[in-house]
*Asks:* 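Would you mind keeping the following structure in view while I ask a few things?
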Protein chains: 2
Amino acid sequence: MPEPLSPSKPERPAWEDLALEAVGTVIEFWGFKRNQGRVWALLYLRGQALSAAQIQHGLALSKGATSVLVRELEHWGVLRRVRRGSDRTWRFEAEQDLMAMVRRVLEHREGTLVSRVTADLARAEALVRQDRAATPEVRARVGRMLALARATEHALDVFRRTAHLDAAPVVEALVGAPASVRRRLARLAGRSEG
Amino acid sequence: MPEPLSPSKPERPAWEDLALEAVGTVIEFWGFKRNQGRVWALLYLRGQALSAAQIQHGLALSKGATSVLVRELEHWGVLRRVRRGSDRTWRFEAEQDLMAMVRRVLEHREGTLVSRVTADLARAEALVRQDRAATPEVRARVGRMLALARATEHALDVFRRTAHLDAAPVVEALVGAPASVRRRLARLAGRSEG
DNA sequence: GGATAGGTTCACGGGGTCCTGAACCTCGTG
DNA sequence: CACGAGGTTCAGGACCCCGTGAACCTATCC
């Protein structure tokens, strides 16, 4: 039996709290809801599918919030909604491939925001190029701004690919691997940035 | 005389508006105030030191907001406060090295948030290691979480170094360089580039 | 059908962030 | 000294995001 998650007694081990809040903080930083991070972390740490009620009580959330949060996480592909046997209640389990998660987030960000901004700057650069009132210096500055945007886009791409590379397999491998192996892997990952 | 910035007539060229808002959007995405980005972009595009009043009218801000915004940007090292000659009013000019700016932001983020989270996860991992009630699987999961955090830290570092590398010199070089050179640089940087 | 548990939706309120506008401070200068 | 321009601070308000809690929907079982 999977420990009924004691609704009244939140006697959670200290390490779980630490991990939950850490993930919540990171997720919040990336512009999502803190509780989305906490839900994912809870599921990941427990390593099994939990019902909405268990999540709700485990994290002291309301019924409504839980419903919304799991739907959002599911939409992000961060959670799977499963039904077991003849049980008619949904259970949720964490996506296991952590890096797939990170990549998905980055791709979304890159797609929606960064590239849109780059496009706007490209338009601005085209306009200033035609503007007879603009001095060469001004044109150069707009051009440099656009170049910065492109560089950022590129760097994000490198970041994403790097994260991809030393992710799923490597992260697994790193756990408990001897220091020598870790160093070799790290060096390999460093080469991939070129 | 540096163009009085026409307080009543906001007849700004379209490209300037585009650039201003683009930068504002990016800055806002990174967790800062939209207007901080707009102020910096205005100063950068104008390429000269502007007074607080000019900024205020140029961006349709209040006196108070302007004062706060420039102080914050100054604190970030993103603009310089200068006094010219016997003029007793402050003027502000944009930091020219764009990448220094980006790097500073990333370093701050890395320093305050990412590493703090990593530390928390490290504590959690130490605790779960001692917890006799924890199964080996749980310990492994916490360990994997910590590994993810470390990988993220590493990736951010790569990002930062990459941004640093092809930044200042390369960005400058790219401006106005012939297409053939641009393509070679782009290939070197590992990007297809349309 | 009625009862009940699981699940969703939504109006509302708390809390946070940012801006405004006015009071206030501080120096030069007449 | 008084005045005024430049600059700062701060209370108030607008706005937005998120969670609550209750109403509502739906399916299963008796």
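Just so we're clear, the structure is a prediction, and the values are computed from it rather than from any experiment. Lettering follows sequence order; numbering is per chain, from 1.
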*Asks:* Look at the side chain of A:K33 against the base of D:dG19 and say whether a donor-acceptor pair falls under 3.5 Å; ignore hydrogens and angles.
*Replies:* no
*Asks:* Between B:E93 and B:R46, does at least one N-O distance fall below 4.0 Å, as a salt bridge requires?
*Replies:* no
*Asks:* Take the protein atom CH2 of B:W90 and the nucleotide atom C1' of C:dG28, then report the distance between them rounded to whole Å.
*Replies:* 15 Å
*Asks:* Please work out if A:R81 contacts a base, only the sugar-phosphate, or nothing of the nucleic acid, heavy-atom cut-off 4.0 Å.
*Replies:* sugar-phosphate
*Asks:* Output the rounded distance in Å from CD (A:E74) to P (C:dT8).
*Replies:* 9 Å
*Asks:* A:H57 has an atom NE2; how far is it from atom C1' of C:dA5, in whole Å?
*Replies:* 13 Å
*Asks:* Is it the case that the base of D:dG21 and the side chain of A:K63 share a donor-acceptor contact (distance under 3.5 Å, atom types as modelled)?
*Replies:* no
*Asks:* Can you check whether A:R34 has a side-chain N or O nearer than 4.0 Å to OP1 or OP2 of D:dG19?
*Replies:* no
*Asks:* Indicate, with a heavy-atom threshold strictly under 4.0 Å, whether B:T89 touches base, sugar-phosphate, or nothing.
*Replies:* sugar-phosphate
*Asks:* Is any side-chain heavy atom of B:E72 less than 4.5 Å from a side-chain heavy atom of B:K33?
*Replies:* yes
*Asks:* Just how far, in rounded Å, is C1' of C:dG16 from CD of B:E28?
*Replies:* 15 Å
*Asks:* If you assign A:Q36 and A:R88 each to the DNA chain D nucleotide with the nearest heavy atom, which residue ends up on the more 5' nucleotide?
*Replies:* A:Q36
*Asks:* Quick one: does any side-chain atom of B:R12 pair with a main-chain N or O of B:G58 as donor and acceptor, under 3.5 Å?
*Replies:* yes
*Asks:* Does A:R71 make a side-chain N or O approach to OP1 or OP2 of C:dT9 shorter than 4.0 Å?
*Replies:* yes
*Asks:* So does B:N35 get a side-chain nitrogen or oxygen closer than 4.0 Å to the phosphate oxygens (OP1/OP2) of C:dC19?
*Replies:* yes
*Asks:* If only atom types and distance count, is the side chain of B:R141 paired as donor or acceptor with the main-chain N or O of A:L45 below 3.5 Å?
*Replies:* yes
*Asks:* Send over the distance from B:L59 CG to C:dC19 P, rounded to a whole Å.
*Replies:* 11 Å
*Asks:* Atom CZ of B:F32 to atom C1' of C:dT17: distance rounded to whole Å?
*Replies:* 15 Å
*Asks:* Please report the distance, rounded to the nearest Å, between CG in B:L73 and P in C:dC18.
*Replies:* 13 Å
*Asks:* Under 4.0 Å, counting only non-hydrogen atoms across every strand here, what does B:S67 touch: a base, just sugar-phosphate, or nothing?
*Replies:* base
*Asks:* Please check if the number of heavy atoms outside B:R80 that lie under 6.0 Å from its CZ is greater than 12.
*Replies:* yes
*Asks:* Tell me: CD of B:Q56 to P of D:dG7, nearest whole Å?
*Replies:* 11 Å
